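The structure under discussion appears below in the form of structure tokens.
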Amino acid sequence: MNIQWFPGHMTKAIRMMKENIKLVNAVVYVLDARAIKSSVNPTFDEIIGDKPILYVVSKIDLVEKSDLDKWKNYFENNKLNYVFIDSTNNANGKLVVNKLNSILSDITLKFKEKGVNKTLRAMVIGIPNCGKSTLINCICKSKRAVTGDKAGVTKGKQWVKVSDGLELLDTPGTLCPAFDNQTIAENIAFIGSINEDILDISDLCLALIDRLSNLCPELLCSRYKLEEIQDTPLKTYELIAKKRGFLIRGGDYDYERCARAVVDDFRKQKIGKIMLDLPEV
């Protein structure tokens with residue numbers, strides 16, 4: 001399976017970000033806790049330039065705290081500004097605003113000394129379905145940005161006023177124009193950041209079973225009542241289909257139905273709270 005997805009609106013989004021970066025004081029970079037490393041888009045580096053960055057790791061309720069602690073150490077050791085949040089908890093929005101104000105305190109102080117009340121602006125960026133719009137709504141404690149549990153919901157820029165002193169620019173979720181690393185492509189496909197219309201769901205399931213068989217075989221066996229992982233991902237796939245009764249007339253495996261169930265189970269944490277990539281030691 002070779003995954004590539006870069007629709008036309010992403011080209012426009014990159015252009016829009018480049019045009020608007022000069023209007024903001026900082027960047028809020030949203031990363032999905034299930035695939036933090038894979039959520040990083042190298043295309044953003046040139047756009048961000050030397051703007052201060054606040055990394056917001058969202059959806060932390062979907063992974064184990066022990067794995068998050070490893071990333072916390074990574075951010076601390078590399079002296080990066082970060083916040084870990086569950087974006088569905090409105091109380092976490094204040095954490096992001098406070099951290100952003102702290103990062104930009106020098107700018108605020110400089111303008112206050114001149115007698116000017118400066119409105120701070122930040123651009124919110126990330127890959128599709130990483131939680132950007134949900135974060136903005138969390139900060140505002142109301143539905144200001146359009147959200148959805150699929151890739152490609154936000155198609156254009158949206159300025160959102162948080163307070164008299166802060167505005168956020170929500171941008172469309174954007175990927176790299178091409179994936180050189182298919183492991184990263186698979187990771188973001190697993191978490192729903194790639195439009196499934198361009199994916200073969202059976203191939204995606206096979207890749208997911210292969211990944212989970214190596215990453216957390218005990219969780220996979222527990223969920224589908226397997227005595228052990230089979231010697232090939234395909235055999236494990238077929239055993240899951242048999243165990244779950246995903247069969248068609250004649251006793252053949254209903255691969256598509258099984259695939260959708262396994263992928264859905266992963267995304268809803270029915271297999272477990274699984275983090276797909278950890279920081280390099």
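Computed from a prediction, not measured in an experiment: that's the story for all the values here.
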For this session: Identify the residue among N214, L219, L220 that makes a side chain to side chain contact (heavy atoms under 4.5 Å, CB included) with C216.
Result: L219
Problem set entry | Side-chain (R34) to main-chain (V63) donor-acceptor, under 3.5 angstrom | no
Exercise. To the nearest 0.5 Å, how far apart are CG in L168 and CG in L135?
Worked result: 7.5 Å
Exercise. Hey, does the side chain of S39 reach the backbone of A35 with a donor-acceptor pair shorter than 3.5 angstrom?
Worked result: yes
Problem set entry | Under 3.5 Å donor-acceptor, D252 side chain and I248 backbone | no
For this session: Please examine the side chains of F246 and Y255, heavy atoms only from C-beta on, and report whether any two atoms are closer than 4.5 Å.
Result: no
Name the atoms and distances for all side-chain donor-acceptor pairs under 3.5 Å in residues 95-102, with sequence neighbours left out.
unit_1 : atom_1 : unit_2 : atom_2 : d
N98    : ND2    : K94    : O      : 3.3
N101   : ND2    : V97    : O      : 3.3

Exercise. S213 side chain to P233 main-chain N or O, any donor-acceptor pair under 3.5 Å?
Worked result: no
For this session: Indicate, with yes or no, if L62 and L208 share a hydrophobic cluster defined by side-chain heavy-atom contacts under 4.5 Å among Ile, Leu, Val, Met, Phe, Trp and Tyr.
Result: no
Problem set entry | Heavy-atom donor-acceptor pair, E256 side chain to D254 backbone, under 3.5 Å | no
Exercise. Under a 4.5 Å cut-off applied to non-hydrogen side-chain atoms, are D32 and I127 in contact?
Worked result: no
For this session: Measure across P217 and I229 and return the closest heavy-atom pair with its distance rounded to 0.1 Å.
Result: CB-CG1, 3.7 Å
Exercise. Does V160 reach the side chain of I139, with side-chain heavy atoms less than 4.5 Å apart?
Worked result: no
Seminar exercise, completed: Output for pair (D210 CG, L234 CG), nearest 0.5 Å, gives 11.0 Å
For this session: Measure from the side-chain N and O atoms of S193 to the backbone N and O of P128, and report whether any donor-acceptor pair falls under 3.5 Å.
Result: yes
For this session: Test side-chain contact (heavy atoms from CB on, under 4.5 Å) on R121 and L169 and set out the steps.
Result: CA-CA 8 Å; R121 294 186 175 91; L169 176 59; over 6 Å; no
Exercise. Going from CD on E46 to NZ on K18, what distance comes out if it is rounded to the nearest 0.5 angstrom?
Worked result: 5.0 Å
Exercise. Is E64 close to M275 at the side-chain level, that is, under 4.5 Å between some pair of heavy atoms?
Worked result: no
Exercise. Under 3.5 Å, side chain of K225 to main-chain N/O of S222, donor-acceptor pair present?
Worked result: no
Exercise. Is it true that V162 and I85 fall in one hydrophobic cluster, defined by side-chain heavy atoms closer than 4.5 Å?
Worked result: yes
Problem set entry | Between CE on residue M17 and OG1 on residue T43, distance to nearest 0.5 Å | 9.5 Å
Problem set entry | Note, I125 side chain near I48 side chain (heavy atom, < 4.5 Å) | yes
Exercise. Is I53 close to N81 at the side-chain level, that is, under 4.5 Å between some pair of heavy atoms?
Worked result: no
For this session: Ignoring hydrogens and angles, state whether a donor on the side chain of S38 or D277 is under 3.5 Å from an acceptor on the partner side chain.
Result: yes
Exercise. Are D170 and S133 linked by a side-chain donor-acceptor pair shorter than 3.5 Å?
Worked result: yes
Exercise. Is D265 paired with R244 through a side-chain N to carboxylate O contact shorter than 4.0 Å?
Worked result: yes
Problem set entry | Minimal non-hydrogen separation, V262 against I271, with atom names | O-CD1, 4.1 Å
Exercise. Any side-chain heavy atom of L120 within less than 4.5 Å of one from K118?
Worked result: yes
Exercise. Considering residues at least two apart in sequence or located in another chain, which fulfil the ring-ring contact (aromatic ring centres under 6.0 Å, His included) criterion with Y29?
Worked result: F44, Y55
For this session: Please check if the side chain of D61 supplies one atom and the backbone of D86 the other of a donor-acceptor pair under 3.5 Å.
Result: no
Using a 3.5 Å cut-off and no angle test, enumerate the donor-acceptor pairs between side-chain atoms of residues 196-206 and protein atoms at least two apart in sequence or in another chain.
unit_1 : atom_1 : unit_2 : atom_2 : d
E196   : OE2    : R267   : NH1    : 2.3
E196   : OE2    : R267   : NH2    : 2.9
D200   : OD1    : S202   : N      : 3.0
D200   : OD1    : D203   : N      : 3.1
S202   : OG     : Y237   : OH     : 3.4

Exercise. Does the side-chain contact (heavy atoms from CB on, under 4.5 Å) test come out yes or no for L166 and T119, once each step is laid out?
Worked result: CA-CA 5 Å; L166 179 63; T119 296; over 6 Å; no
Seminar exercise, completed: Heavy atoms of K243 and L226 approach each other most closely as CG-CD2, 4.0 Å
Exercise. Does one hydrophobic cluster hold both V263 and L276, with members joined at side-chain heavy-atom distances below 4.5 Å?
Worked result: yes
For this session: Compare all side-chain heavy atoms of N129 with those of K59 and state whether any distance is below 4.5 angstrom.
Result: yes
Problem set entry | Same apolar cluster (I L V M F W Y, side chains within < 4.5 Å links), L54/I136 | yes
Problem set entry | Under 3.5 Å: donor-acceptor pair, side chain of Q182, backbone of I3 | yes
For this session: Test side-chain hydrogen bond (donor to acceptor under 3.5 Å, both in side chains) on R211 and N187 and set out the steps.
Result: CA-CA 9 Å; R211 186 68 57 79; N187 285 347; 2.3 Å; yes
Exercise. Do any pairs count as a side-chain hydrogen bond (donor to acceptor under 3.5 Å, both in side chains) and have a residue in residues 70-79, sequence neighbours left out, and if so which ones?
Worked result: E76-Y82
For this session: For side-chain contact (heavy atoms from CB on, under 4.5 Å), just list the numbers for I274 and L215, CA-CA rounded to whole Å, side-chain angles, deciding distance to a tenth of an Å, and then say yes or no.
Result: CA-CA 9 Å; I274 300 165; L215 192 63; 3.7 Å; yes
Problem set entry | Donor-acceptor contact present, side-chain K51 to main-chain V24, <3.5 Å | yes
Exercise. Within a radius of less than 6.0 Å around CD of E227, do more than 12 heavy atoms belonging to other residues, nucleotides or ligands occur?
Worked result: no
For this session: Over all heavy atoms of both residues, which pair between C130 and S58 is shortest? Give the atoms and the distance, please.
Result: O-OG, 2.6 Å
Problem set entry | Residues K161, E167: salt bridge by 4.0 Å N-O rule | no
Exercise. Are D106 and K110 close enough for a salt bridge, meaning some N to O gap below 4.0 Å?
Worked result: no
For this session: Determine the minimum heavy-atom distance between N195 and W5, stating which atoms define it.
Result: CB-CZ2, 3.3 Å
Exercise. What pairs of residues pass the salt bridge (Lys or Arg N to Asp or Glu O under 4.0 Å) test when at least one of them lies in residues 4-14, not counting sequence neighbours?
Worked result: none
Exercise. Say you draw a straight line from NZ of K65 to NZ of K273; how long is it, rounded to the nearest 0.5 Å?
Worked result: 12.5 Å
For this session: Evaluate side-chain contact (heavy atoms from CB on, under 4.5 Å) for L68 paired with F84, printing each intermediate quantity in order.
Result: CA-CA 9 Å; L68 277 175; F84 287 178; 4.1 Å; yes
For this session: Please round to the nearest 0.5 Å and tell me the distance separating atom CG of N41 and atom CE of M10.
Result: 9.0 Å
Problem set entry | Counterpart residues, salt bridge (Lys or Arg N to Asp or Glu O under 4.0 Å), relative to K235 (two or more places apart) | D231
Exercise. Which atom pair, heavy atoms only, marks the closest approach of L247 to K242?
Worked result: CD2-CA, 4.5 Å
